[in-house]
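Each ligand, and each atom within it, is numbered from 1 in the order the structure gives.
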Amino acid sequence: MSPPSNLGNFKDGSESAAGENYADINWDNYELGFYLVPTDYMYVMKCAKGDKFSQGSIVPYGNIEISPSAGILNYGQGLFEGLKAYRTEDGRILLFRPDENAQRMKRGADRLCMPSPSNDQFVNAVKQIVLANKRWVPPSGKGSLYVRPLLMGTGASLGVGPAPEYTFLIYCSPVGSYHKGALNFKVEDKLYRAISGSGGTGGIKSVTNYAPVYTAMTEAKANGFSDVLFLDSATGKYIEEATACNVFVVKDNSIFTPEIDGTILPGITRKSIIEIAIDLGYQWRKMLGADEMFCTGTAMVVNSVASVTYKETRVDYKTGPEALSAKLRATLVGIQTGCVEDKKSWTVLVD
Ligand SMILES: *Cc1c(COP(=O)(O)O)cnc(C)c1O
């Protein structure tokens, strides 16, 4: 299925030197943050319980109608994903490892008893929705188009159990930077993000993992912190990750990040950063003290951590252009935006 044919004819579109249409945002002077800017289209594909997803369509972006007794509303049967489309200097549009998002959604769907789109369906749908919203992909260097796939039980069911119908939906929004500057974390010592061991849902992007930690996050923010760091719920001793990003520490020539054990979300940025750091000659260790700390996620890419506060004790870390995180970020963003050669074939051209 091809995107709508009227994409070049938006009345408010501005034309670049290359004849490319852009949405009516002042891309040069407008510092995009990480919040929703609605675009023109979304992608919707439905499937009944026990069936396979087959045919989706691109429809105008807008509210959706679902039954009050939909599985997602009543019992949290839902997953989300997040990935970005970048425009390169020469005008191509690149996705970063979208097959990884497809596989992660499939693992989550299996855990939450939902059918999931195949890898090809997922990646093709992402490509289609990016093309349909092409005028919202920021010019090179001005941000990216954040793509948000959802998989949810939308069929009505009063009793507890898998919903009779499922919806795979993708919407997107142009975004800029997630955080401005290095982060100051507070270690959360009362609430936990995930159940210890592999029996919980900490390792999937289940919608149910986020609202339960809003109180901790909101309180930390009210006290001037950027976000919270969660501890493992078995011992309360080991750092796991933040609300929506993985964390790393750096000591001399080694990097450390918690292992994927069911409680940590297996971040695609995390996985990519481990490879880049190893290529740069760093060793990946199980445990160590730290000179530097940083966190990773699609939304923020790589962000340095300035401090961590546990009860009354604050530890400060190295930040700024000399930090390893700055080098890792530059390399990864370089690959994502087509400025650094993609030797690992991580990017996917949208055409
Ligand atoms: C999405 C997410 C991450 C980051 O994963 P990426 O694939 O790098 O975007 C890390 N932790 C949590 C809890 C997340 O939801």
Going by the closest heavy atom to atom 4 (C) of ligand 1, which one wins out of Ser272, Gly297, Ala299, Gly203? Gly297
Donor-acceptor check, side chain of Asn209 to backbone of Gly203, threshold 3.5 angstrom: yes or no? no
With a heavy-atom distance limit of 4.0 Å, tell me whether Thr243 approaches ligand 1 through its side chain, its backbone, both, or neither. backbone
With a 4.0 Å cut-off on heavy atoms, does Gly82 reach ligand 1? no
Does ligand 1 have any atom that is closer than 4.0 Å to a heavy atom of Arg193? yes
Could you check whether Asp291 pairs with Lys251 (Lys NZ or Arg NE/NH1/NH2 to Asp/Glu carboxylate O, under 4.0 Å)? yes
Can you tell me if Arg104 contacts ligand 1 (heavy atom of the residue under 4.0 Å from the ligand)? yes
Below the 3.5 angstrom mark, is there an N/O of Ala242, backbone or side chain, next to an N/O of ligand 1? no
min-distance protein heavy atom vs atom 15 (O) of ligand 1 -> Tyr210 OH, 2.4 Å
Report the nearest protein non-hydrogen atom to atom 2 (C) of ligand 1: residue, atom name, distance rounded to 0.1 Å. Lys205 NZ, 2.5 Å
Atoms of ligand 1 less than 4.0 Å from Gly267 heavy atoms? 5 (O), 6 (P), 7 (O), 8 (O)
Leu328, Asn303, Val247 screened by side-chain contact (heavy atoms from CB on, under 4.5 Å) with Phe294, the one that passes: Leu328
Can you find a side-chain donor-acceptor pair between Ser325 and Glu292 that sits under 3.5 Å? yes
Euclidean distance, Ile239 CD1 relative to Leu229 CG, rounded to 0.5 Å: 5.0 Å
Measuring only between side-chain heavy atoms, which start at C-beta, is Trp136 closer than 4.5 Å to Tyr22? no
Is Arg270 close to ligand 1, meaning an N/O of one under 3.5 Å from an N/O of the other? no
At what distance is the nearest protein heavy atom to atom 9 (O) of ligand 1, and which residue and atom is it? Thr298 OG1, 2.6 Å
Residue that, paired with Ser304, satisfies side-chain contact (heavy atoms from CB on, under 4.5 Å) out of Leu183, Val250, Thr319: Thr319
Who's the nearest protein heavy-atom neighbour of atom 3 (C) of ligand 1, and how far? Ala244 O, 3.5 Å
Of Thr263, Val301, Leu265, the one whose closest heavy atom lies nearest atom 12 (C) of ligand 1 is Leu265
In this structure, atom 8 (O) of ligand 1 is nearest to the protein heavy atom Thr269 OG1, 2.6 Å
Closest approach of any protein heavy atom to atom 11 (N) of ligand 1, naming residue and atom: Glu241 OE1, 2.6 Å
Compute the shortest N/O to N/O distance between Thr296 and ligand 1 and return yes if it is under 3.5 Å, no if not. no
Taking only non-hydrogen atoms of Cys245 and a 4.0 Å limit, the atoms of ligand 1 in range are 10 (C), 11 (N), 12 (C)
Are any side-chain N or O atoms of Arg270 and backbone N or O atoms of Gly297, one a donor and one an acceptor, separated by less than 3.5 Å? no
Aromatic ring pairing Phe122/Phe168, orientation class (parallel under 30°, perpendicular over 60°, tilted between): tilted
So, Asn133 side chain and Asp40 main chain: donor-acceptor pair closer than 3.5 Å or not? yes
Is the shortest side-chain N to carboxylate O distance from Lys344 to Asp342 below 4.0 Å? no
